[in-house]
**Student:** 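Here it is: the structure, laid out below.
Order of the sequence lines fixes the chain letters, A, B, ..., with proteins taken first and strands second; residue numbering starts at 1 for each chain. What you see is a predicted model; the values in this text were computed from it and never measured.
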Amino acid sequence: MIRMTEPSKITSVPDHQPAAGGIAARARASVGPKYLTGLNPEQREAVETLDGPVLVLAGAGTGKTRVLTTRIAHILSQGRARPAEILSVTFTNKAAREMKHRLGQMLGHAVEGMPWLGTFHSIGGRILRFHAELAQLKSNFTVLDVDDQVRLLKQLLQAENIDDKRWPARMLAGLIDGWKNRGLMPSQVPAGEAAVFANGKGGKLYASYQERLKILNAADFGDLLLENIRIFREHPDILRQYQQRFKFILVDEYQDTNVAQYLWLRLLSQAPSPAAAAPGAIDDPSSDAAAAAQALAPAAARPKNICCVGDDDQSIYGWRGAEVDNILRFDHDFPGAKVIRLERNYRSTGHILAAASHLIAHNEGRLGKTLRTEDHDGEKVTVTGSWDSEEEARGIGEEIEQIQRKGEKLNEIAILVRASYQMREFEDRFVTLGLPYRVIGGPRFYERAEIRDALAYLRVINSPADDLAFERIVNVPKRGLGDATVQMLHDHARKRRIPLFEAARAVVETDELKPKARGSLREVVAQFDRWRAQREVTAHTDLAQIVLDESGYTEMWQKDRSADAAGRLENLKELVRSMEEFENLQGFLEHISLVMDRDGGAEDDAVSLMTLHSAKGLEFDNVFLPGWEEGLFPSQRTLDEQGRAGLEEERRLGHVGITRARRRAMIYFATNRRIHGTWSTTIPSRFLDELPAANVEITESKGGSAWGGTGGYGASRFDDMEAFGSSYSTPGWQRAQANRNRGGGRSGGGRSGGFEEEAATFSPSSSDPDFGSFSSRRRGPLTIEGELVAKSTGTTSEFALDDRVFHQKFGYGRVTKIDGNKLTIAFDKAGEKKVVDSFVQRA
DNA sequence: AGTGTAGGTCTTGAT
DNA sequence: GACCTACACT
């Protein structure tokens with residue numbers, strides 16, 4: 001037990017958070033332990049409420065991580081638990097690392113003793129290794145990534161004679177992943193769902209996939225939790241052991257948990273009861289989260305000290321299984337839960353916060369928080385229209401240069417896009433400008449071919465049954481062991497029910513192979529035998545180097561004259577170097593399969609370019625938000641697939657984007673954008689209309705002179721700006737705002753929010769045909785539950801072949817092809833173009 | 001076995 | 001328009 005008799009061991013971390021909370025709080029703080037200094041009253045409550053379930057609703061920039069880490073420090077210093085008795089889970093390795101780091105600053109070395117601080121998967125994996133045999137695995141099982149998964153499924157599909165074209169392995173992988181996310185074993189998948197794949201074979205394929213995994217001594221990501229849940233259910237004694245061990249549970253980003261993670265937490269968070277009421281109460285999770293919750297709900301066990309931190313307004317991962325419901329339902333699941341709201345924002349200025357809050361207020365399914373700041377209003381959020389995406393990139397580039405001239409750091413500038421294909425235009429622009437930039441979240445280190453190859457070698461050494469790894473490298477570098485040979489090994493292996501590697505060992509003793517192939521295969525087998533023997537006596541880093549050299553793998557890239565070969569060799573070196581941190585090969589492989597680190601480490605001053613998703617948790621002084629157009633943001637596909645829920649998630653994404661900014665948030669939209677190669681005209685995002693006029697400034701792009709050079713488009717752009725600007729001053733818009741503020745946006749009589757009214761006021765006043773279509777596209781059968789959900793595809797075109805048409809930009813032309821609402825038109829002057837039908841009119 | 005080309009796709013992406 | 005995959009060709 002660590003009773004902190006020496007307060008000096010826990011030092012408060014200097015924080016840029018301004019001292020808040022008034023005199024009373026400060027007076028109290030000065031009495032309490034040092035690490036509590038500087039916490040505001042809500043934060044302090046979240047830290048000090050140790051007993052019973054606690055939900056901390058932590059809005060953006062309210063000091064969430066600080067609360068979590070301080071809470072751990074508090075538990076330790078109060079002597080309530082030892083480091084090894086605290087279970088602390090995060091989603092990403094990055095978040096786990098951050099917590100370890102912050103804790104290290106507070107506690108010194110005590111962090112070393114926190115073996116249960118990590119991601120859901122790393123902790124699940126750790127537990128599974130202890131009980132591997134209960135899942136028909138060995139403790140050295142391999143963790144498969146998505147690629148391995150897909151290849152394995154492909155094999156199963158082939159074996160079942162299922163057309164891989166009609167029923168792609170990727171799709172099945174997605175289904176299985178979805179089931180696992182929802183905590184469903186093969187037998188529990190609802191029949192209707194299992195049937196959607198390959199005419200009813202989906203469920204059976206899932207079952208045989210699971211069987212194959214056991215044979216390969218492998219688990220996929222989903223299994224790391226699912227097998228935990230299974231073991232906990234089937235072995236109450238083991239569950240009890242963990243329940244007793246974990247005196248405190250802390251969960252980060254609770255709004256991102258999926259059903260499986262939820263079940264896992266529920267099991268672990270129940271007070272250990274010798275009567276074992278638990279397993280009975282926690283049987284079948286149904287397919288549906290709410291029902292699953294009910295199965296577990298309040299009933300028997302008294303939940304213990306679990307503290308979940310999250311923000312329903314930042315739930316942006318619904319598409320990969322996250323259940324916002326988990327957080328919305330918390331006090332139902334954990335009766336007597338204390339809910340603490342952190343609403344003091346220490347990051348952004350008043351205008352930025354107001355804009356973000358007003359936007360997110362349009363969502364209905366939320367717990368409701370109001371972010372406040374004591375900061376000054378600062379600059380208004382700007383909204384800037386551009387003619388096309390190129391001009392948008394140019395404008396942002398110039399703005400960045402201006403910021404730079406003011407002496408600000410590029411590190412404090414970020415561009416947050418909705419979709420990664422938007423990035424290229426910015427990269428192009430920055431290269432021409434010579435502006436240093438970095439892309440966050442590009443291709444992952446571990447996904448690179450050379451890294452996967454190298455790991456495959458190590459995996460085969462570590463686990464000879466790892467057929468997927470063996471198959472990957474058996475002919476890399478080229479050894480003359482092609483498909484035919486591999487197919488033969490497969491047959492052999494299947495017949496005798498042995499791994500491919502053993503099949504290879506047997507086959508080289510026969511004369512079934514041509515002498516050449518037989519020779520190389522024998523060499524491969526001999527090499528692996530040798531490496532495995534060396535493993536006992538050689539440091540794992542040296543072994544890795546030896547393997548890469550002796551296998552000819554390094555040489556393969558040295559001989560390669562392509563541009564990226566040097567980089568790949570560099571990556572391999574980096575891989576070997578990174579192994580040093582681990583005790584042995586097993587530990588390294590475990591880590592690498594769960595981790596996706598890739599930080600090049602270059603900490604130069606550069607602009608950051610990333611997606612909105614990967615920006616969560618980050619903050620910058622200046623944030624650019626380009627591409628706020630219908631179809632792109634909110635994304636048409638999300639709307640089509642998820643309807644209202646999708647729209648709300650997109651809106652949360654916008655909220656996340658704006659709240660990344662400390663001092664300046666700059667939103668952009670373009671009138672024309674290239675989508676899948678063809679230019680299309682777009683309309684401004686509805687989210688722009690949802691921003692509060694008082695905190696937003698409509699601007700012409702800075703450095704107006706730059707437009708001059710482009711020539712030709714000046715007039716129409718000006719029209720656009722006028723039209724757009726007017727949307728903030730029309731009576732319709734203002735009335736719409738008033739409506740929203742009063743009644744949450746849904747006024748009776750089938751009118752949908754303020755949109756239609758706005759559009760109606762809008763279009764007659766505009767002579768621009770684009771805006772005429774703007775209103776017409778926003779009318780009609782576009783509403784779900786009385787609210788607008790955009791729709792742009794699927795409508796049959798009202799045009800016919802050979803129709804004579806007029807387009808604002810391209811002039812007169814003739815329709816040559818019709819594809820839904822997309823027309824191919826041979827223009828008299830501009831040549832053949834594809835355009836959306838709503839942007840042309842009959843001539 | 002390795003290369004060339006046609007066809008399909010084209011959010012977001014942790015573990 | 002670009003990239004990846006799968007098949008066909010040599």
**Student:** Which residues pass the side-chain contact (heavy atoms from CB on, under 4.5 Å) test with A:Asn217, not counting sequence neighbours?
**Tutor:** A:Leu137, A:Lys138, A:Asn140, A:Phe141, A:Ser463
**Student:** Report, one pair per line, the protein and nucleotides 6-10 of chain C atoms (nitrogen or oxygen only) whose separation is under 3.5 Å.
**Tutor:**
residue, atom, partner, partner atom, Å
C:dA6, OP1, A:Lys154, NZ, 3.4

**Student:** Just wondering, more than 12 heavy atoms not from A:Glu390 lying within 6.0 Å of its CD?
**Tutor:** no
**Student:** Using a heavy-atom cut-off of under 4.0 Å over every strand shown, decide if A:Ser635 touches base, sugar-phosphate, or nothing.
**Tutor:** base
**Student:** According to a strict under-4.0 Å criterion, is A:Thr678 in side-chain N/O contact with OP1 or OP2 of C:dG1?
**Tutor:** no
**Student:** Go through the structure and list residues passing side-chain hydrogen bond (donor to acceptor under 3.5 Å, both in side chains) with A:Tyr317, not counting sequence neighbours.
**Tutor:** none
**Student:** Round to the nearest Å and state the distance from A:Arg418 atom CZ to B:dG13 atom P.
**Tutor:** 8 Å
**Student:** Please report, rounded to the nearest Å, how far the C1' atom of B:dT12 is from the OH atom of A:Tyr317.
**Tutor:** 7 Å
**Student:** Looking only at the side chain of A:Arg674 (C-beta and beyond, no hydrogens), which of the listed nucleotides C:dG1, B:dG13, B:dA14 gets closest?
**Tutor:** C:dG1
**Student:** Does OP1 or OP2 of B:dA14 have a side-chain N or O of A:Thr119 closer than 4.0 Å?
**Tutor:** no
**Student:** Quick one: side-chain hydrogen bond (donor to acceptor under 3.5 Å, both in side chains) partners of A:Arg472, sequence neighbours excluded?
**Tutor:** A:Asp453
**Student:** Rounded to whole Å, how long is the line connecting atom CG of A:Asn93 with atom P of B:dA14?
**Tutor:** 10 Å
**Student:** In whole angstroms, how far is the C1' atom of B:dG13 from the CG atom of A:Asp145?
**Tutor:** 13 Å
**Student:** Rounded to whole Å, how long is the line connecting atom CG of A:Asp177 with atom C1' of B:dA14?
**Tutor:** 11 Å
**Student:** When the distance from CG of A:Leu513 to P of B:dA1 is rounded to whole Å, what number comes out?
**Tutor:** 11 Å
**Student:** What is the distance, rounded to the nearest whole Å, between atom CD1 of A:Ile675 and atom P of C:dA2?
**Tutor:** 16 Å
**Student:** Which pairs, with at least one residue in residues 116-125 of chain A and sequence neighbours excluded, count as a salt bridge (charged side-chain N to carboxylate O under 4.0 Å, His left out)?
**Tutor:** none
**Student:** Could you work out, with side-chain hydrogen bond (donor to acceptor under 3.5 Å, both in side chains) as the rule, every residue matching A:Arg366, not counting sequence neighbours?
**Tutor:** A:Asp313
**Student:** Ring centres within less than 5.5 Å and planes less than 30° apart: is that true of A:Trp319 and B:dT12 in this structure?
**Tutor:** yes
**Student:** Is there a donor and acceptor pair, one atom on the side chain of A:Arg320 and one on the base of B:dT12, closer than 3.5 Å?
**Tutor:** no
**Student:** With ring pair (Phe, Tyr, Trp, His ring centres under 6.0 Å) as the rule and sequence neighbours excluded, what pairs involving residues 156-183 of chain A come up?
**Tutor:** A:Trp167-A:Phe197, A:Trp179-A:Tyr206
**Student:** Would you mind classifying the nucleic acid contact of A:Leu481 as base, sugar-phosphate or nothing, using non-hydrogen atoms under 4.0 angstrom?
**Tutor:** sugar-phosphate
**Student:** A:Ala419 side chain: which of B:dG13, B:dT12, C:dA2 is closest?
**Tutor:** B:dT12
**Student:** Grab the CZ-P distance between A:Phe120 and B:dG13 for me, whole Å please.
**Tutor:** 20 Å
**Student:** Please produce a list of atom pairs where a protein N or O lies less than 3.5 Å from an N or O of nucleotides 2-7 of chain B.
**Tutor:**
none

**Student:** Please work out which of the three classes, parallel, tilted or perpendicular, describes the rings of A:Phe130 and A:Trp116, given edges at 30° and 60°.
**Tutor:** tilted
**Student:** Under the side-chain hydrogen bond (donor to acceptor under 3.5 Å, both in side chains) rule, collect the residues that match up with A:Asp466, sequence neighbours excluded.
**Tutor:** A:Thr142, A:Arg459
